[in-house]
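Residue numbers begin at 1 in each chain, while the letters A, B, ... track the order of the sequences.
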Amino acid sequence: MPGRARDLPADGLSRAQAAEELERLAAEIAHHDRLYHQQDAPEVSDAEYDALRRRNEAIEARFPDLVRADSPSRRVGAAPAGGFAKVRHRAPMLSLSNAFDAEDIAEFFARVRRFLNLGEAPVELVAEPKIDGLSISLRYERGRFVQGATRGDGTEGEDVTANLRTLGDLPQAIGDGAPDVLEVRGEVYIARDDFLNLNRVQEAAGAKVFANPRNAAAGSLRQIDTQVTAGRPLALFAYALGEVSEAVAETHWGFLERLRGWGFPTNPLAQVCSGVDEVLAFYDDVLARRADLPYDIDGIVYKVSRFDWQERLGFVSRAPRWAIAHKFPAEQAETRLARISIQVGRTGALTPVAELEPVTVGGVVVSRATLHNEDEIARKDIREGDRVVVQRAGDVIPQVVAVVAEKGRRRKPRYDFPEICPVCESTATREPGEAVRRCTGGLICPAQSVERLRHFVSRNAFDIDGLGDKHIRAFFEDGLIESPADLFTLAARDDDAETPLREREGWGPTSAAKLFDAIESRRRIALDRFIYALGIRQVGQATAKLLARNYGTFEAWRAAMTKAADPDSPDYADLVNIDQIGPLVAADLIAFFAEPRNQTILDGLLEQLDIEAAVAPDVSGSPVAGKTVVFTGTLESQSRNEAKARAEALGVKVAGSVSGKTDYVVVGAEAGSKARKAAELGVTTLSEQEWLDLIGRSGQ
DNA sequence: CAGCCTCGAGTTCT
DNA sequence: CTCGAGGCTG
């Protein structure tokens with residue numbers, strides 16, 4: 001092993017030696033993290049790995065000023081991607097809704113108008129090219145650049161401050177006039193010429209050649225070694241505002257001007273447009289010049305310029321109502337469809353997948369594409385052996401667009417969609433009105449069983465590390481794990497197994513022990529995760545949370561679901577009265593509990609697990625804790641969802657319809673039948689203001 | 001009953 | 001990311 005310095009005690013090192021060794025340790029530990037987390041193939045023992053980390057910490061303790069931005073000690077836990085600390089975005093980084101044609105744009109304008117009640121008044125929009133790079137957030141405090149982060153999932157990204165500092169385009173300080181806190185959002189990209197040069201250099205050095213500028217930019221920004229990033233031609237355009245301590249402009253256009261004043265590069269093509277026609281003219285103009293631009297763009301973004309209007313328009317789920325991305329037509333490619341195969345999902349859904357002769361589309365080699373369902377194949381008349389046009393939807397998921405007519409070529413017969421499950425051979429049926437055909441094998445279908453297990457251990461369910469698809473499949477096929485409860489007896493059974501896990505192909509003592517640890521650490525689990533993990537149809541994360549909150553404990557939930565089988569029971573009424581749960585979701589829940597084998601599975605799991613009751617919100621001093629409230633009509637001070645979220649935080653159960661159990665009905669403007677029903681039942685009704693007074697300050 | 005909006009389920013590749 | 005479907009509002 002190189003670097004003899006490591007043999008010295010930490011306090012015997014010179015500064016230079018220490019710096020050098022810290023750099024090496026950071027790279028080495030990152031390397032092992034990668035092998036372990038991403039490839040399931042550690043090459044050192046846990047003890048050796050721990051020794052590396054301890055050595056790193058010892059040197060850092062001795063030379064605190066040498067702690068590196070990418071130091072392993074600064075990573076939160078073991079970052080699964082191996083590398084950077086997580087950063088929580090104080091203002092979430094949103095995505096945009098997409099428009100694909102003039103009609104979508106007209107609709108967008110109409111919606112903005114309707115929402116703002118504008119009549120014929122013009123709406124000014126700022127139109128700017130949508131750069132095909134990666135979004136980042138740059139935080140300035142008292143005018144100095146303090147932190148930069150990737151978008152991540154929009155809520156939480158990765159801290160790439162050190163790497164961003166190497167960008168020549170990025171102002172390190174923005175002067176005296178800047179607000180105390182200013183977050184600027186922008187796009188990091190690599191220009192086309194720079195990309196070609198970079199690949200030439202990479203190739204000459206025998207290093208990895210990047211598929212496209214965006215991948216090159218992403219790879220360059222996520223380098224562990226800041227020096228590598230510094231050598232890459234990364235560039236920046238700033239275009240949006242995150243958290244800010246004081247107003248910096250009244251319009252988006254004004255904000256762009258301020259950005260330029262602070263020294264940020266902004267896109268030179270950006271311009272103000274009013275009306276559909278101007279916007280579309282800009283789109284056509286930029287589309288025509290697309291090939292001559294020095295960087296890749298994948299569309300145009302339109303934003304309502306006035307900030308006060310943006311505020312009023314607000315958001316729909318995670319996208320602003322005041323902006324839209326007008327996408328350019330996706331890049332397409334032709335290839336041959338070798339054959340159609342059928343996958344069986346967790347719910348038994350049979351999904352056809354096109355196996356393609358590999359082809360490059362938008363810089364990525366694609367060899368499979370989803371065909372969605374039976375009707376889709378029939379509609380496009382896709383047959384095996386056809387030549388097809390492929391594109392990547394939203395530049396990500398490959399799809400087959402159409403069949404290319406070939407003169408004189410004899411086509412295969414129409415594709416016969418199987419009516420039996422290709423795995424378990426049970427009949428596959430299609431409910432009237434539904435698009436999917438489903439295997440009826442249920443619990444006996446091996447494909448469904450494997451998919452259910454995958455779901456059970458997946459990230460948002462039990463989150464068991466080190467148990468990938470391949471391992472699940474192998475364990476299932478060998479009869480090691482057939483039902484979820486078997487996971488938790490795996491370690492105990494392993495002791496007297498003929499072939500213990502550590503001797504299986506691809507496993508060693510360390511990885512086996514790691515897996516057992518990972519499973520062990522999940523014996524305690526939150527109720528909502530547990531409910532989600534069961535994989536009940538139509539019960540995803542959101543519904544699982546809802547059920548956990550409403551029933552509190554597993555026992556209460558189970559008892560209620562079993563009793564709710566009687567549609568006249570109060571339990572059924574309670575269930576469908578939960579906001580967002582209707583008769584169809586209720587039916588799937590009841591069906592799950594009515595299946596004796598599911599009850600057996602639950603009993604098996606209960607023996608192994610400790611299911612935590614849902615954490616009740618802190619409702620001390622809440623005047624409305626435990627009350628059931630119904631909101632109806634249009635609220636003025638907040639959206640219904642905000643009102644609901646606040647009420648829930650105060651321990652309120654928000655119901656969808658009025659019943660004898662309802663404590664209050666909060667009546668907004670233009671309330672209809674619910675207010676009447678409240679009167680009939682003698683339920684207390686409150687105006688929005690009375691409600692706010694009742695919950696007082698705590699609701700704000 | 002139409003027109004949202006939200007949620008679930010399924011998928012690709014790095 | 002996209003599609004389809006469920007649920008709610010008006």
Side-chain angles (χ1 to χ4, degrees), chain A residues 34 38-39 81 95-98 100 107 111 114-115 134 153 208 210-212 214-216 218-219 222 314-319 321 325 327 330 341-356 358 360-373 375-376 390-400 431 433-436 438 448 451-452 454-455 458 460 532 535-546 576-588 630-635 639-641 644 654-657 668-675:
Chain A
R34 242 184 341 265
Q38 288 171 12
Q39 294 163 27
S95 47
L96 293 175
S97 12
N98 294 323
F100 296 96
E107 228 164 73
R111 182 194 274 224
R114 212 180 322 131
F115 217 94
L134 55 143
D153 63 4
K208 183 184 155 199
F210 295 102
N212 54 51
R214 187 192 14 192
N215 284 0
R222 297 187 74 260
F315 302 89
V316 184
S317 63
R318 355 172 270 295
R321 254 191 290 256
K327 305 284 262 192
S341 63
I342 300 284
Q343 294 187 350
V344 185
R346 164 168 72 84
T347 64
L350 303 193
T351 309
V353 175
E355 315 263 359
L356 306 166
T360 305
V361 193
V364 173
V365 179
V366 167
S367 53
R368 296 158 66 83
T370 173
L371 292 170
H372 294 121
N373 56 51
D375 292 348
E376 175 89 355
V390 178
Q391 72 178 20
R392 295 201 305 148
D395 280 335
V396 182
I397 314 282
Q399 53 185 213
V400 173
E431 297 298 320
E434 287 208 343
V436 286
R438 287 195 156 86
Q448 288 188 50
E451 293 303 312
R452 271 195 303 270
R454 278 180 49 184
H455 174 78
S458 68
N460 294 316
Y532 173 69
I536 302 168
R537 267 236 234 145
Q538 309 215 70
V539 179
Q541 262 185 289
T543 309
K545 278 209 169 79
L546 198 63
V576 291
N577 197 34
I578 297 174
D579 203 5
Q580 308 297 338
I581 296 197
L584 298 180
V585 174
D588 279 321
V630 173
F631 290 98
T632 182
T634 314
L635 303 180
S639 74
R640 179 184 297 269
N641 276 338
K644 195 177 145 193
V654 178
S657 61
E670 293 163 57
S673 60
K674 287 183 192 172

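With rounding to whole Å, A/Asp588 atom CG is found 12 Å from B/dG8 atom P. With rounding to whole Å, A/Leu350 atom CG is found 15 Å from B/dT11 atom C1'. Per the geometry, CG belonging to A/Leu584 stands 14 Å off P belonging to B/dG8, to the nearest Å. The CD atom of A/Glu107 sits 11 Å away from the P atom of B/dC5 (whole-angstrom rounding). Atom pair A/His372:NE2 and C/dT2:C1' shows a separation of 6 Å (rounding to whole Å applied). If you measure from atom CD of A/Glu431 to atom C1' of C/dG6, you get 15 Å, rounded to the nearest angstrom. Here B/dC7 presents its C1' atom at 11 Å from CG of A/Leu546, a figure rounded to the nearest Å. Distance, A/Lys545 NZ to B/dC7 C1': 13 Å, rounded to whole Å.
Closest contact between the side chain of A/Gln343 and the listed nucleotides B/dG8, B/dT11, B/dT12 involves B/dT11. Listed nucleotides: C/dG4, B/dC7, B/dC13. Nearest to the side chain of A/Asn373: C/dG4. Side-chain proximity of A/Arg321 to the nucleotides B/dG10, B/dC5, B/dC7 is greatest for B/dC5. Residue A/Thr543 has its side chain nearest to B/dG8 when only C/dG4, B/dG8, C/dG7 are considered.
For C/dA5, the OP1/OP2 oxygens have no side-chain nitrogen or oxygen of A/Gln538 closer than 4.0 Å. Considering only side-chain N and O atoms, A/Thr351 lies under 4.0 angstrom from the phosphate OP1 or OP2 of B/dT11. Under 4.0 angstrom from either OP1 or OP2 of C/dG6 there lies no side-chain N or O belonging to A/Arg537. Applying the 4.0 Å criterion to OP1 and OP2 of B/dT12, one finds that A/Thr370 has every side-chain N and O outside that range.
When every heavy atom of A/Gln538 is checked against every heavy atom of A/Asp588, the shortest pair comes out as NE2-OD2, 2.8 Å. Taking every heavy atom of both residues into account, A/Val361 and A/Gln391 meet most closely at CG1-CA, 4.1 Å.
Along DNA chain B, the nucleotide closest to A/Arg368 and the one closest to A/Arg346 are compared, and the more 5′ of them pairs with A/Arg346. Place A/Ser367 and A/Ala544 on DNA chain B by their nearest nucleotides, and A/Ala544 ends up nearer the 5' end.
Side-chain atoms of A/Glu355 and A/Ser341 include a donor-acceptor pair closer than 3.5 Å.
Every residue meeting the side-chain contact (heavy atoms from CB on, under 4.5 Å) condition with A/Ala544, not counting sequence neighbours, appears here in chain and number order: A/Ile531, A/Tyr532, A/Val539.
When heavy atoms are screened at a 4.0 angstrom cut-off, A/Val585 is found touching the sugar-phosphate backbone but no base atom. A/Ala349 comes within 4.0 angstrom of the backbone, heavy atoms only, and of no base.
Atom CZ of A/Arg346 and atom CD1 of A/Ile536 lie 10.0 Å apart (nearest 0.5 Å).
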